[in-house]
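These notes concern the structure reproduced below.
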2 protein chains.
Amino acid sequence: MPGQRLDDIDRKILSELQDDGRMTNVELASRVGISAPPCLRRVRALEEQGYIRGYHADVDPRTLGFEVQVFAMVGLAKQSEADLSAFEARCRDWSLVRECHMLNGEVDFILKCVSPDLRTFQTFLTEQLTAAPNVASVKTSLVIRQAKDAPGVPFDVLEERLARQA
Amino acid sequence: MPGQRLDDIDRKILSELQDDGRMTNVELASRVGISAPPCLRRVRALEEQGYIRGYHADVDPRTLGFEVQVFAMVGLAKQSEADLSAFEARCRDWSLVRECHMLNGEVDFILKCVSPDLRTFQTFLTEQLTAAPNVASVKTSLVIRQAKDAPGVPFDVLEERLARQA
DNA sequence: GTTGAAAAATTCAAATT
DNA sequence: AATTTGAATTTTTCAAC
């Protein structure tokens with residue numbers, strides 16, 4: 001599925017679109033140094049090959065009234081594949097849970113949650129998350145402030161790496 | 001700065017653009033039930049008022065060769081505002097660190113990191129992060145798999161809340 | 001990958017409710 | 001005050017080269 005390897009122009013396209021996903025194709029083409037039609041063909045190919053999963057407006061939770069962000073560390077009682085999958089499916093159904101990552105080490109999952117207020121989160125925590133089948137332990141940490149929130153992938157690391165290989 | 005309150009159409013616009021940030025304005029207008037010009041004015045207003053911070057292509061780290069994702073819990077030796085700010089500034093400079101959140105509780109910060117491979121991450125961990133001034137403890141957890149990665153904000157929670165208030 | 005042209009979208013000003 | 005209409009400009013997206 002990941003097609004053939006990317007060249008410099010493809011990586012520049014990805015980097016530019018990660019930075020500004022609403023850039024017009026002519027602007028993008030000019031930035032990567034080719035004309036518009038092949039640029040658009042490349043973008044479509046990158047989408048089809050799965051390099052670009054989609055485009056999203058970056059909506060500010062705080063401005064919209066989501067005052068509370070929480071990381072929750074979850075441990076399960078049993079960790080068979082069926083148990084893990086069942087918990088992941090629940091997470092996908094919970095709107096307050098925005099991200100769910102399975103981890104190695106002491107804790108089984110880390111969840112990133114948002115909530116309009118503490119009360120809403122507490123209700124979710126006690127009535128949904130902690131009450132869910134097979135959930136053995138939940139430890140939560142409130143986000144005091146966000147110091148960095150960069151999208152996706154560091155293209156500079158990729159470039160360094162390719163330069164080293166060449 | 002957050003201007004006046006949002007109406008149903010504004011929230012629908014935000015929800016649609018969070019879902020598909022490259023949707024054309026005419027498509028967006030048709031979905032929210034107004035014509036294109038006022039729809040574009042509303043989008044511009046939402047951008048200027050800070051509800052929309054930007055637009056980003058969602059680039060898949062794995063497909064691009066970033067095989068490793070890690071959460072790092074960092075504790076500092078001293079937590080004065082100057083100490084906290086200094087560490088946050090370092091995080092902004094580290095490309096491998098994509099997110100940095102200050103937390104309450106035992107640990108001071110949680111970092112979300114990506115890396116092309118374990119070796120690159122180990123080098124970063126030992127030579128940069130653990131070696132940084134004032135860093136007292138670092139505990140890392142590898143992401144085994146990602147079960148959910150929803151963008152931004154759950155608009156259904158917002159709607160429920162408004163319905164309850166009305 | 002480039003050029004050129006048709007179709008579509010953006011974006012503005014004026015008119016409308 | 002905000003939306004619709006209508007029109008000029010720009011962009012998208014085909015061809016064919």
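Note that the coordinates shown come from a computational prediction; the quantities given were computed from them, not determined experimentally. Each chain gets a letter, A, B and so on, in the order its sequence line appears, and its residues count up from 1. Note that these values count all heavy atoms, side chains included, but never hydrogens, waters or copies made by symmetry.
- Here the side chain of A/Asn25 is nearest to one of D/dT4, D/dT13, C/dA9, namely D/dT13.
- Comparing A/Arg42 and B/Ala36 against DNA chain C, the residue whose closest nucleotide sits nearer the 5' end is A/Arg42.
- With 3.5 Å as the limit, one finds no donor-acceptor pair spanning the side chains of B/Gln122 and B/Thr126.
- If you find the closest nucleotide of DNA chain D to B/Arg22 and to B/Asp7, the one lying nearer the 5' end belongs to B/Asp7.
- A close approach under 4.0 Å does not occur between any side-chain nitrogen or oxygen of A/Arg41 and OP1 or OP2 of D/dT13.
- What separates CD1 of B/Ile34 from C1' of C/dT17 is a distance of 16 Å, to the nearest Å.
- With distances taken from any side-chain atom of B/Pro37 to the nucleotides D/dT11, C/dT10, C/dC12, the minimum falls on C/dC12.
- If you take CZ of B/Arg44 and C1' of C/dT10, they are 9 Å apart, rounded to a whole angstrom.
- Atom CG in B/Leu28 sits about 13 Å away from atom P in C/dT11, given to the nearest Å.
- Of the side-chain N and O atoms in B/Ser35, none sit less than 4.0 angstrom from OP1 or OP2 of D/dT3.
- One interatomic measurement links the two molecules: CD of B/Glu27 to P of C/dT10, which rounds to 10 Å at whole-angstrom precision.
- Remark: side-chain polar atoms of A/Lys148 are paired, donor with acceptor, to backbone N or O of B/Val97 under 3.5 angstrom.
- In this pair, A/Trp94 and A/Phe124 present their aromatic rings perpendicular. The plane angle is above 60°, beyond the 30 to 60° band.
- Atoms CG (B/Leu40) and P (C/dC12) sit 7 Å apart, rounded to a whole Å.
- Side-chain contact check for A/Glu47 and A/Tyr55: at least one donor-acceptor pair (N or O, by modelled atom type) lies under 3.5 Å.
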